[in-house]
Amino acid sequence: MAKKNKTAITPTREQDYPAWYQEVIKVSDMAENSPVRGCMVIKPWGYALWENMVREIDAMFKETGVKNAYFPLFIPLSYLEKEAEHVEGFAKECAVVTHHKLEKDDKGGLKPAGKLAEPLIVRPTSETIIGESMAKWTSSYRDLPILLNQWANVVRWEMRTRMFLRTSEFLWQEGHTAHATEQEAKERTMLMLDVYTKFVEEYLAMPVIRGRKTVSERFPGADDTTCIEAMMQDKRALQAGTSHFLGQNFAKGSNIKFQNEEGEEAYAWTTSWGTSTRMIGGMIMVHSDDDGLVLPPRVASAHVVILPIFKKDGDNRAVKESAQDLKDALEEKQYHGRNVTVEIDDRDIGGARGWDWVKKGVPVRIELGPRDMAQNSVFMARRDEPSSQKQSMNREEFIGQITDILDNIQDNLFNRAKNYREENTFEIDDKKAFYKLYKKARGFDNGAFVMAHWCGSEECEEKIKKDLSVTIRCIPFDSSTEEGNCICCNNASSRRVLFAKAY
RNA sequence: CGGGAUGUGGCUCAGUCUGGUAGAGCACAGCGUUCGGGACGCUGGGGCCGGAGGUUCAAAUCCUCUCAUCCCGACCA
């Protein structure tokens, strides 16, 4: 017997949170770094998770009347110039295509040739090119609203990257809508934020705080940016989705005009909203532990893994068949719109096999051997409980209860995360206490979520960001108005906002 | 783009100071013993030491240039 580690992952979360995060991704077999700078390879176990997420949230979009479409990867450079703030916001991180072919150079290598008349940028987001189409499609108020979404990859040439959280290329969905009235566009902005909230909380089991971004944190070109913010285990905040009210800014830039019921020419009101593979990074950081990945059942790449226990002299064929029968019985069950998915792992690699699946985060592990067969039972372990806590269950009972067990795990993950956030969220009114909390923040302990008063000035926001690298994550919708004094300048304030260190 | 570091089997690294046959652990393959909490033994496959030049009888090791990556800043879903 080799000596046992205390945890499957080293370092642990407390020892080195960023290294732990990378290690979870590696040992769970979700993704790995690619030879291309800042980009990642999403492996089948990680991609299956993404596919599950896509399927669920896509259905939710469609329920609100949104239809999917697809627009080009390349955007003419001039399009990006159509909205002033938008150019400003994205210009520094765009990949630019300037040539359209390769020629042999004198060293036997290749060099770009065939210079393009107008450079193309690889989309960092598609407001401008979709706006171009919307302008073409819109001539009457009867053409509105246009409710579009596209699933796509986008490229943002970030300086520093981290798998899932910030990669140069990432997968996402971007919704784009155009409306005849301001009111309707604003309602759509909130409706999509509701969809994100529901998805992230119910499927990813991540509790979020909904709110509005401050002016300085707004999407470039938006009149209003709303968001959902979640707390990671290191007490930093991660934005898990955004929905923007773009006013008429992009409509004017792209010339999205129509004749209203009165026969007058008017600009449309547009929105855009997105979530990305970044949600996976958030999900990892919220639920996973020192033994590896923990997957919420509703999006898990697989729900159950069966580990047949073979005896040297026993009838292994019977165990194998029994495992297959169990898999078949479980897979007939429906769990939130899809069949229960079951893996059988019969590799002959000893105890390492079980740990593999702990590290991969599969919600339920079943050991099935001759002893269980004799008793018509199964030996079950749940990923949300300590890995030693296995229990014997009657086989039929287990099959009957599988969806309840999965729901129970799902709820447990959500409640655990919610409690953690609540335990680490404080109202602070004293500037010294506020500074003290964040001054010591580093590594695993990044302070807390702090609800504090803010006068509304960019100066105070900027000062706190500079002093503590703490930002206003959002002005929460559900915090009631309350008289107080700005945590920074002590001027009058009418409501608390959410402060935190952010990813 | 500033500051710091590193490039050696798939991975993590030793060897470089002081030049002399390319190493270890893990992973992988085969065989045997194991197996309900992370197994062990034996055998084996795999690297022209990031690249180009130079010094030398001889370069992973010294020199010059170059490329790439990582970490710390400014930017961000």
Side-chain angles (χ1 to χ4, degrees), chain A residues 1-10 16 18-19 22-23 26-27 32-38 88-94 107 109 124-125 152-162 164-174 196 213 217 219-220 225 227-230 237-244 272-282 291-292 307-314 316 319 346-359 365-373 375 377-381 386-392 465-466 469 471 502-503:
Chain A
M1 286 295 244
K3 63 174 173 220
K4 279 174 275 179
N5 294 331
K6 263 210 209 117
T7 60
I9 302 279
T10 46
D16 186 345
Q22 301 288 350
E23 190 66 12
K26 187 175 150 193
V27 302
E32 63 190 28
N33 276 312
S34 86
V36 183
R37 196 204 91 100
E88 190 72 18
F90 285 104
K92 278 176 284 183
E93 51 188 43
C94 285
K107 288 179 197 152
T125 181
N153 57 340
V154 288
V155 169
R156 297 183 187 176
W157 213 262
E158 303 289 355
M159 287 298 136
R160 296 191 56 200
T161 59
R162 273 181 99 186
F164 289 115
L165 291 179
R166 185 174 303 113
T167 45
S168 297
E169 178 194 16
F170 56 95
L171 304 182
W172 79 342
Q173 62 65 217
E174 49 180 324
Y196 288 151
K213 286 292 188 192
E217 297 270 336
F219 177 76
T225 287
C227 63
I228 51 178
E229 297 279 335
L238 182 86
Q239 179 176 307
T242 50
S243 184
H244 315 290
S272 71
W273 25 277
T275 60
S276 68
T277 37
R278 190 179 216 204
M279 279 191 294
I280 296 177
D291 286 332
L307 307 170
I309 307 295
F310 297 129
K311 290 291 179 208
K312 172 107 181 117
D313 309 318
N316 291 337
V319 177
D346 56 8
R347 287 176 300 163
D348 182 16
I349 56 170
R353 185 178 59 167
W355 283 104
D356 255 20
W357 292 95
V358 171
K359 288 185 279 197
R365 303 189 305 284
I366 293 296
E367 288 172 11
L368 181 68
R371 212 185 301 161
D372 306 289
M373 288 173 63
Q375 296 165 11
S377 66
V378 296
F379 214 57
M380 182 192 68
S387 53
S388 58
Q389 201 170 317
K390 302 179 190 174
Q391 50 170 306
S392 186
K465 184 175 179 182
K466 206 162 161 254
S469 33
T471 49
Y503 274 97

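Order of the sequence lines fixes the chain letters, A, B, ..., with proteins taken first and strands second; residue numbering starts at 1 for each chain.
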Practice task
Determine whether P308(A) and L368(A) make a side-chain contact, defined as any pair of heavy atoms from C-beta on separated by less than 4.5 Å.
Solution key: no
Is [N] paired to anything, Watson-Crick or G-U wobble with both distances less than 3.5 Å, and if yes, which nucleotide?
| N | answer |
| --- | --- |
| A22(B) | none |
| G32(B) | C40(B) |
| G47(B) | none |
| A14(B) | none |
| A5(B) | U69(B) |
| A52(B) | U64(B) |
| A77(B) | none |

Handout entry: Upstream residue (5' side of RNA chain B) when L165(A) and N33(A) are each assigned their closest nucleotide
Key = N33(A)
Practice task
Nearest-nucleotide wise, let me know which of K359(A) and T277(A) is further upstream toward the 5' end of RNA chain B.
Solution key: K359(A)
Would you mind reading off the distance between [X] atom [atom1] and [N] atom [atom2], rounded to a whole angstrom?
| X | N | atom1 | atom2 | value |
| --- | --- | --- | --- | --- |
| Q22(A) | C11(B) | CD | C1' | 15 Å |
| N316(A) | U34(B) | CG | P | 14 Å |
| E23(A) | C11(B) | CD | C1' | 11 Å |
| N153(A) | A77(B) | CG | P | 18 Å |
| R156(A) | C76(B) | CZ | P | 11 Å |
| D348(A) | C40(B) | CG | P | 15 Å |
| F90(A) | C76(B) | CZ | C1' | 9 Å |
| R347(A) | C28(B) | CZ | C1' | 14 Å |

Integer angstrom distance from the [atom1] of [N] to that of [M]:
| N | M | atom1 | value |
| --- | --- | --- | --- |
| U61(B) | A77(B) | P | 45 Å |
| G25(B) | G9(B) | C1' | 13 Å |
| C26(B) | C65(B) | P | 41 Å |
| C11(B) | C31(B) | C1' | 26 Å |
| U56(B) | C62(B) | C1' | 10 Å |
| U34(B) | A59(B) | C1' | 48 Å |
| U8(B) | G46(B) | C1' | 14 Å |
| A29(B) | U21(B) | C1' | 27 Å |

Output the distance between atom [atom1] ([X]) and atom [atom2] ([Y]), rounded to the nearest 0.5 Å.
| X | Y | atom1 | atom2 | answer |
| --- | --- | --- | --- | --- |
| F219(A) | W273(A) | CZ | CH2 | 13.5 Å |
| S392(A) | E367(A) | OG | CD | 10.5 Å |
| R162(A) | T167(A) | CZ | OG1 | 12.5 Å |
| R166(A) | Y503(A) | CZ | OH | 10.0 Å |
| F90(A) | R156(A) | CZ | CZ | 4.0 Å |

Once you apply a heavy-atom cut-off of 4.0 Å, does [X] come out as touching a base, just sugar-phosphate, or nothing?
| X | result |
| --- | --- |
| T167(A) | base |
| S387(A) | base |
| Y503(A) | nothing |
| R371(A) | base |
| G369(A) | base |
| E367(A) | base |

Quick check for you: among [options], whose closest atom lies nearest to any side-chain atom of [X]?
| X | options | answer |
| --- | --- | --- |
| A352(A) | A39(B), A77(B), G36(B) | A39(B) |
| R166(A) | C11(B), G38(B), A77(B) | A77(B) |
| E93(A) | C75(B), G36(B), A39(B) | C75(B) |
| P370(A) | G38(B), A77(B), G36(B) | G36(B) |

Practice task
Before giving the answer on salt bridge (charged side-chain N to carboxylate O under 4.0 Å, His left out), spell out for E23(A) and K359(A) the whole-Å C-alpha distance, their side-chain angles and the decisive distance to 0.1 Å.
Solution key: CA-CA 10 Å; E23(A) 190 66 12; K359(A) 288 185 279 197; over 6 Å; no
Problem - Centroid under 5.5 Å and tilt under 30°, F379(A) to G36(B) - result: no
Handout entry: Residues L165(A), L238(A); criterion side chain to side chain contact (heavy atoms under 4.5 Å, CB included); working and verdict
Key = CA-CA 9 Å; L165(A) 291 179; L238(A) 182 86; 3.8 Å; yes
Handout entry: Any donor-acceptor N/O pair under 3.5 Å between G38(B) base and D356(A) side chain
Key = no
